[in-house]
Amino acid sequence: MKVDGRHFRSIWLEPDGRSVGAIDQRRLPHEFIVAKITTADEAGEAISSMLVRGAPLIGATAAYGMALAMRADASDAALERAGKMLAASRPTAINLKWAIDEMQRALAPLAASARADAAYARAREIADEDVEINRDIGRHGLGLIETIAATKKPGEPVNVLTHCNAGWLATVDWGTATSPIYQAHDRGIPVHVWVDETRPRNQGASLTAWELGHHGVPHTVIPDNTGGHLMQHRMVDLAIVGTDRVAANGDVCNKIGTYLKALAAHDNGVPFYVALPSPTIDFSIDDGIRQIPIEQRAASEVTHLTGRTADGRIETVRVVPDGSTVANFGFDVTPARLVSGLITERGVLSADRAALASAFPERSKVS
Ligand SMILES: CSC[C@@H](O)[C@@H](O)C(=O)COP(=O)(O)O
């Protein structure tokens, strides 16, 4: 997507053919800085520090991390070691494990001398496939927006609520939840997005708002607790969120607070859709609530806030009293019964085992 009129992906291979460029998402929206990742360890650190984040981008970064590892040492032991190190960088997004498995499956049968080139080629493919998948998610999700737009008065926007950042920054390009929105906007359908700020790290306020603004999509940032009120007053036509892992039964794990939005949507008859690429499906898990590991992050993400002062300095301030205990669960699970549908690259599916398995038979048999 575009940044100041110039097309960017969130991650790319640098012209030197070895190192990897990525937008440093910790600095947005205040500073647009490109980071260079030159080793597998740096790729792991980029994921755990959230320089890159969002399930599909975590997967693509891990794939490039495996390629960087193979460049340094293409032995069997290094292939195993790099996979373990990268897999430990964040626990919830299954795309991480998916990408590492893909890389190991492609590289293990090869002679060590052939592994580095093959690893860069497969990482590039994983990144390119993500772009195509997200484009297709947008095509399928567009139908949902078009149906609602047909019920509106001329010029009246379709109001979409989203949580966290499942935009192009969270993927390689297009985003998952945002892809239908961008495609509707690009076709001239009036869309307006309610952007949940998404405490504690504020991915909505900092990243989704930044992306939508750069693409010219009308949007309003709201405190996390606002969605229920908006839904009661018919100010939300549709909710679309992303996900870090979908269990085989259709349960959806996403950024903390997603479940509360799904409950409010259910109570108010607002359609609640989840957009996902197939690598986000974990067919090895049957019960999302019991089995998906939920990341717990540093207390400082809750106790402190970072922002720009009036004179342009970036500062971090404490907002919680000294001595208070805090909890920082990164994700929650929305039961499948609250999900109106799953927007995938192969169409909009019901959130259940049969629909997932029949749309992705090759994946459902593997795990
Ligand atoms: C297309 S991204 C889907 C999810 O990864 C996204 O909604 C999300 O929760 C991201 O969480 P984050 O902690 O910022 O990595």
Side-chain angles (χ1 to χ4, degrees), residues 1 9-11 22-26 28 46-62 89-99 127 130-131 133-138 141 161-182 195-211 224 239-246 252-262 272-282 288 292-298 301-302 328-334 339 342-345:
M1 304 299 284
R9 285 183 173 187
S10 61
I11 193 165
I23 298 169
D24 187 341
Q25 303 196 21
R26 300 167 304 186
L28 291 172
I47 296 170
S48 56
S49 70
M50 295 179 66
L51 183 156
V52 293
R53 29 68 52 204
L57 178 56
I58 289 171
T61 306
S89 57
R90 284 192 79 187
T92 300
I94 193 64
N95 307 59
L96 175 63
K97 179 177 181 304
W98 174 85
D130 183 65
V131 178
I133 285 174
N134 297 331
R135 198 194 309 274
D136 286 345
I137 288 172
L161 180 138
T162 194
H163 191 68
C164 193
N165 173 260
W168 71 265
L169 287 168
T171 64
V172 179
D173 206 350
W174 284 105
T176 57
T178 54
S179 186
I181 294 167
Y182 287 131
V195 178
D196 281 354
E197 63 175 347
T198 320
R199 274 285 280 152
R201 287 185 69 99
N202 290 326
Q203 289 95 326
S206 300
L207 304 177
T208 306
W210 182 84
E211 275 194 18
D224 285 329
I240 311 179
V241 299
T243 169
D244 288 77
R245 197 184 299 214
V246 173
V252 167
C253 182
N254 191 45
K255 182 54 57 190
I256 193 82
T258 302
Y259 171 46
L260 290 176
K261 292 300 142 67
F272 186 89
Y273 283 90
V274 179
L276 63 133
S278 54
T280 305
I281 308 167
D282 186 349
I292 296 177
I294 301 295
E295 177 179 23
Q296 293 189 51
R297 295 188 61 87
E301 292 184 348
V302 179
N328 188 8
F329 295 90
F331 299 90
D332 60 26
V333 177
T334 299
V339 177
L342 302 172
I343 311 171
T344 74
E345 70 267 30

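Atoms within a ligand are numbered from 1 in the order they appear, just like the ligands themselves.
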side-chain hydrogen bond (donor to acceptor under 3.5 Å, both in side chains) partners for Thr176, two or more places apart: none
Atom OH of Tyr273 with >12 non-hydrogen neighbours under 6.0 angstrom: yes
For Arg135, salt bridge (charged side-chain N to carboxylate O under 4.0 Å, His left out) partners two or more places apart: Glu132
Side-chain (Asp244) to main-chain (Thr92) donor-acceptor, under 3.5 angstrom: no
Give every pair formed by an N or O atom of ligand 1 and a protein N or O atom closer than 3.5 Å, one pair per line with both atom names and the distance to 0.1 Å, or write none.
unit_1	atom_1	unit_2	atom_2	d
ligand 1	5 (O)	Ala55	N	2.9
ligand 1	5 (O)	Asp244	OD1	3.0
ligand 1	5 (O)	Asp244	OD2	3.1
ligand 1	7 (O)	Asn254	OD1	2.6
ligand 1	9 (O)	Asp244	OD1	3.1
ligand 1	9 (O)	Asn254	OD1	3.1
ligand 1	9 (O)	Lys255	N	3.4
ligand 1	13 (O)	Arg90	NH2	2.8
ligand 1	13 (O)	Lys255	NZ	2.7
ligand 1	14 (O)	Arg53	NE	2.9
ligand 1	14 (O)	Arg53	NH2	3.1
ligand 1	14 (O)	Gln203	NE2	2.8
ligand 1	15 (O)	Gly54	N	3.0
ligand 1	15 (O)	Arg90	NH1	2.8

Contacts of Asp136 that satisfy salt bridge (charged side-chain N to carboxylate O under 4.0 Å, His left out) - sequence neighbours left out: Arg139
Partner of Ser10 under side chain to side chain contact (heavy atoms under 4.5 Å, CB included), chosen from Asp173, Leu57, Val52: Leu57
